[in-house]
Amino acid sequence: MTFRAPKGTDDILPPASRTWRRLLLMWEDWAARYGYDLVLLPFFETTEVFARGVGESTEVVQKQMYTFEDKGGRSLTLRPEGTASVVRAFLETGADGILKAAYSGAMFRYERPQAGRRRQFYQVGVEYLGSRAAAADAEVIELGYRYLTDAGVPGLSVLVNSIGDRVCRPAYLEVLKEYLKERRAVLCDDSLTRLESNPMRVLDCKVCAPRLSDAPSPVDHLCMECATHYDEVRAALRDMDVPYEEAPRLVRGLDYYERTAFEYVATDLETAQNAVGGGGRYDGLAELLGGKPVPGVGFALGLDRMVLTLFEVEELEPLDVYIVVAGDRRGDGAKLASNLRYEGIRTDLDVEGRSVKAQFRAADRRGAATALVVGDEWDDGRVVVKDLATGRQEVILKEEVAAWTRRT
RNA sequence: GUGACCGUAGCUCAGUUUGGUUAGAGCGCCGGGUUGUGGUCCCGGAGGUCGCGGGUUCGAAGCCCGUCGGUCACCCCA
């Protein structure tokens with residue numbers, strides 16, 4: 001073996017790829033049901049889009065970006081997430097009003113790979129741009145929940161929180177910092193650093209959190225507008241029968257979030273990375289990117305992690321027909337295959353000149369419903385059709401083959 | 001970036017404890033048994049620089065050192 005896929009990347013081959021295709025098709029359907037339209041955006045952006053959008057202080061920007069210089073001397077970065085690009089694209093159009101965008105595709109982060117964490121990973125997501133309404137938050141959260149449920153992710157729970165906005169968060173952060181400074185002695189090294197750079201992150205530090213059970217929560221320090229918004233989001237979720245848990249310690253790792261923050265967790269997953277999706281509101285992001293104010297809310301779901309939760313029987317895509325050629329009837333078999341394929345019937349055949357027995361075995365392995373034998377009967381305009389499930393076979397006119405394979 | 005564990009056939013693994021002659025199994029793959037019939041069964045076959053490099057030794061898959069790769073966890077996040 002001379003070459004391997006780069007560290008942290010996966011080749012998703014059949015039959016496993018069928019699961020992925022299923023999830024992607026299902027995603028398109030659910031996004032469309034809620035009125036989200038597809039957007040196809042660049043896989044790389046000007047580095048500044050992420051540096052400013054996602055936030056200089058974040059782990060993602062500080063150490064996980066695939067940044068490179070192109071031949072024109074521009075600093076570009078492979079997208080580590082989708083939201084900043086969608087907002088950038090919306091601002092670039094100069095349009096007003098609402099955009100409900102759905103996307104799917106690969107994201108890139110330079111990290112040490114482990115279960116559920118790859119350097120190239122796949123997300124599906126939506127962004128609801130142009131609305132501050134709590135109903136938008138609730139709709140987005142519901143969509144993710146319905147899709148994940150339909151996809152079959154087991155042990156799903158929806159965690160929600162509100163982390164305040166530009167009005168109330170600064171005051172809260174002061175309160176939190178005071179609290180944390182009094183407890184410097186029990187904080188780990190990472191948390192001591194975060195105390196200055198991003199104090200809310202200390203709340204979900206696995207090491208420190210147990211010792212900080214009485215820490216002030218963002219939800220207890222919301223301004224009137226944020227509190228009302230959060231109440232409305234939760235009320236709407238209840239109205240739509242979306243089960244959720246309030247998670248006062250839930251803090252997201254990207255700087256642009258404010259107000260609503262939420263996460264979808266696959267509690268059955270025994271690996272460490274059991275968050276299959278996350279999102280929130282980001283009313284300040286457009287301005288961080290130098291644009292006019294555009295409120296928004298959205299989420300991203302990790303397909304790799306969804307797949308980890310699924311235990312699917314993996315089999316190749318079944319065929320309708322496998323053509324077995326006897327003697328030197330290969331040309332006739334190929335012609336029949338061509339006709340059937342034109343008719344929309346999934347057809348395959350051997351091109352290696354293998355034995356009839358080997359061809360039947362191949363038909364079976366490929367899960368073909370029907371085998372056709374092209375032999376001497378062909379001269380009378382007939383072929384043998386065999387139902388591989390029952391083993392029954394008969395000789396019919398070749399013009400009748402398409403109809404015969406569609407008989408059930 | 002830190003730590004732990006693991007690298008033997010396409011896949012899953014045995015063999016390493018006590019170094020010893022042509023390195024094994026199951027599954028998969030190919031062929032035959034059925035000169036035009038699969039899924040079961042029987043027979044046969046192909047396929048391995050034992051991750052790589054160096055060292056110790058009469059002799060290394062096995063012991064030592066290094067290196068590369070993988071996995072899981074921390075960190076962080078989807």
Side-chain angles (χ1 to χ4, degrees), chain A residues 1-8 10 13 54 57-64 79-83 104-125 144 148 153 188-191 193-194 198 201 204-207 250-254 262-266 269-279 298-309 322 324-329 333 352 354-378 383-393 395:
Chain A
M1 196 53 66
T2 50
F3 288 108
R4 298 174 194 247
K7 191 182 188 76
D10 295 306
L13 303 171
V54 176
S57 73
T58 60
E59 189 91 357
V60 169
V61 170
Q62 284 184 1
K63 15 202 269 205
Q64 300 180 344
R79 61 183 187 189
E81 59 104 49
T83 304
S104 63
M107 306 293 163
F108 308 86
R109 291 184 198 172
Y110 188 86
E111 308 176 83
R112 283 281 283 270
Q114 72 183 73
R117 198 176 68 184
R118 317 263 73 195
R119 288 182 174 181
Q120 175 172 325
F121 58 105
Y122 296 83
Q123 291 187 335
V124 298
L148 288 168
V153 173
C188 69
D189 290 346
D190 287 333
S191 288
T193 313
R194 293 193 203 104
N198 203 342
R201 296 218 53 79
D204 65 357
C205 169
K206 282 174 191 168
V207 183
L250 175 63
V251 173
R252 316 241 58 237
L254 310 183
F262 59 94
E263 210 163 84
Y264 303 98
V265 177
L269 249 197
E270 290 177 7
T271 54
Q273 314 301 332
N274 65 354
V276 294
F299 65 69
L301 309 177
L303 284 180
D304 306 72
R305 291 184 184 178
M306 287 175 66
V307 170
L308 279 183
T309 72
Y322 196 94
V324 173
V325 294
D328 68 355
R329 297 283 178 171
E352 299 289 327
R354 299 196 295 173
S355 69
V356 168
K357 174 180 181 148
Q359 292 179 70
F360 266 95
R361 194 185 304 122
D364 190 57
R365 302 263 158 89
R366 292 294 303 276
T370 304
L372 301 182
V373 183
V374 175
D376 293 337
E377 308 86 343
W378 186 263
V383 295
V384 174
V385 294
K386 178 171 184 175
D387 182 318
L388 288 171
T390 64
R392 297 190 156 201
Q393 66 179 51
V395 182

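Taking the C1' atom of each, C5(B) and A9(B) are spaced 24 Å apart, rounded to whole Å. G26(B) and U8(B) are spaced 15 Å apart, taking the C1' atom of each and rounding to whole Å. Comparing the C1' positions of A61(B) and U22(B) gives an interatomic distance of 15 Å, to the nearest angstrom. C75(B) and G3(B) have their P atoms separated by 16 Å, with the value rounded to a whole Å. As rounded to the nearest Å, G70(B) and C11(B) have C1' atoms that lie 16 Å from one another. The P atoms of C13(B) and G32(B) are separated by 33 Å, rounded to the nearest whole Å. Taking atom P in both A25(B) and G66(B), one finds a spacing of 36 Å when rounded to whole Å. Separating the P atom of G47(B) from that of G10(B) is a span of 11 Å, rounded to the nearest Å.
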Q: Quick one: do Val384(A) and Glu377(A) satisfy side-chain contact (heavy atoms from CB on, under 4.5 Å)? Show the steps, please.
A: CA-CA 8 Å; Val384(A) 174; Glu377(A) 308 86 343; 3.3 Å; yes
Q: Under the ring-ring contact (aromatic ring centres under 6.0 Å, His included) rule, what do Phe108(A) and Tyr110(A) come out as? Steps first, then yes or no, please.
A: CA-CA 7 Å; Phe108(A) 308 86; Tyr110(A) 188 86; over 10 Å; no
Q: Any chance you could lay out the side-chain contact (heavy atoms from CB on, under 4.5 Å) test for Glu81(A) and Val60(A), step after step, and finish with the verdict?
A: CA-CA 9 Å; Glu81(A) 59 104 49; Val60(A) 169; 5.8 Å; no
(Q) One pair to check against side-chain contact (heavy atoms from CB on, under 4.5 Å): Asp364(A) and Tyr322(A). What are the steps and the verdict? (A) CA-CA 9 Å; Asp364(A) 190 57; Tyr322(A) 196 94; over 6 Å; no
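With a cut-off of 3.5 Å on both Watson-Crick or G-U wobble distances, the partner of G1(B) is given as C74(B). If you check G24(B) for Watson-Crick or wobble pairing at under 3.5 angstrom, you find it paired to C13(B). Partner assigned to U57(B) is none, using Watson-Crick or G-U wobble distances below 3.5 angstrom. With a 3.5 Å ceiling on both atom-pair distances, U35(B) lacks any Watson-Crick or G-U wobble partner. The partner of G69(B) is C6(B), by the rule that a Watson-Crick or G-U pair needs both atom distances under 3.5 Å. Pair check for A46(B) finds none; no Watson-Crick or G-U wobble contact set falls under 3.5 Å.
Contact annotation for Arg354(A): backbone-only contact, meaning every heavy-atom pair under 4.0 Å involves sugar-phosphate atoms and none involves a base. Ala389(A) comes within 4.0 angstrom of a nucleotide base, judged by non-hydrogen atoms across all strands. Nucleic acid contact for Gln273(A): base, since at least one base atom lies under 4.0 Å from a heavy atom of the residue. Using a 4.0 Å heavy-atom distance criterion, Gln64(A) is classed as a sugar-phosphate-only contact. Ala300(A) comes within 4.0 angstrom of the backbone, heavy atoms only, and of no base. Using a 4.0 Å heavy-atom distance criterion, Ala368(A) is classed as making no nucleic acid contact. Across all strands shown, Arg117(A) has heavy atoms under 4.0 Å from base atoms, whether or not it also approaches the sugar-phosphate. Within 4.0 Å of Leu303(A), counting heavy atoms only, lies no atom of the nucleic acid at all. Counting non-hydrogen atoms under 4.0 angstrom, Arg361(A) reaches the backbone sugars and phosphates but no base.
In this structure, Arg117(A) contributes its side chain and Arg112(A) its backbone to a donor-acceptor pair below 3.5 Å. Under the 3.5 Å distance criterion, the side-chain polar atoms of Arg305(A) are left unmatched by any main-chain donor or acceptor of Gly277(A). Panel note: side chain Arg354(A), backbone Gln359(A); no donor-acceptor pair is recorded below 3.5 Å. Counting only distance, with no hydrogens or angles, the side chain of Arg119(A) and the backbone of Glu111(A) share a donor-acceptor pair below 3.5 Å.
RNA chain B is contacted by both Asp387(A) and Ser355(A); Ser355(A) maps to the nucleotide lying nearer its 5′ end (nearest heavy atom per residue).
Minimum interatomic distance between Val325(A) and Gly333(A) (heavy atoms only, all atoms of both residues): CG1-CA, 3.7 Å. Annotation for Gly8(A) and Pro113(A): closest pair CA-CG, 3.7 Å, computed over non-hydrogen atoms.
For Arg252(A) and Glu263(A), the salt-bridge test passes: some basic side-chain N is under 4.0 Å from an acidic carboxylate O.
Using a 4.5 Å heavy-atom threshold, the side chains of Val276(A) and Leu301(A) count as separate.
Straight-line distance from the CD atom of Gln359(A) to the C1' atom of G31(B): 14 Å, rounded to whole Å. The interatomic distance linking Leu388(A) (CG) with G38(B) (P) rounds to 11 Å, in whole Å. Atom-to-atom, CG of Leu372(A) to C1' of G38(B) comes out at 14 Å; the value is rounded to the nearest Å. One interatomic measurement links the two molecules: CD of Glu59(A) to C1' of A78(B), which rounds to 15 Å at whole-angstrom precision.
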Could you run down the sub-3.5 Å N/O contacts of the protein with nucleotides 70-72 of chain B?
residue: G70(B); atom: OP2; partner: Lys7(A); partner atom: NZ; Å: 2.9
residue: C72(B); atom: OP2; partner: Ala115(A); partner atom: N; Å: 3.1

Scan nucleotides 33-37 of chain B against the protein and return all N/O pairs shorter than 3.5 Å with their distances rounded to 0.1 Å.
residue: G33(B); atom: N7; partner: Lys357(A); partner atom: NZ; Å: 2.8
residue: G33(B); atom: O6; partner: Lys357(A); partner atom: NZ; Å: 2.7
residue: G36(B); atom: O6; partner: Asp376(A); partner atom: N; Å: 3.0
residue: G36(B); atom: O6; partner: Glu377(A); partner atom: OE1; Å: 3.4
residue: G36(B); atom: N1; partner: Glu377(A); partner atom: OE1; Å: 3.0
residue: G36(B); atom: N1; partner: Glu377(A); partner atom: OE2; Å: 2.6
residue: G36(B); atom: N2; partner: Glu377(A); partner atom: OE2; Å: 3.2
residue: U37(B); atom: O2'; partner: Lys386(A); partner atom: NZ; Å: 3.4
residue: U37(B); atom: O2; partner: Lys386(A); partner atom: NZ; Å: 2.9
residue: U37(B); atom: O2; partner: Gln393(A); partner atom: OE1; Å: 3.3
residue: U37(B); atom: N3; partner: Gln393(A); partner atom: OE1; Å: 2.8
residue: U37(B); atom: N3; partner: Gln393(A); partner atom: NE2; Å: 3.3
residue: U37(B); atom: O4; partner: Gln393(A); partner atom: NE2; Å: 3.0

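Under 3.5 Å, the side chain of Asp364(A) and the base of G39(B) form no donor-acceptor pair of N or O atoms. In terms of polar N and O atoms assigned as donor or acceptor, the side chain of Arg365(A) never comes within less than 3.5 Å of the base of C29(B) in a complementary pairing.
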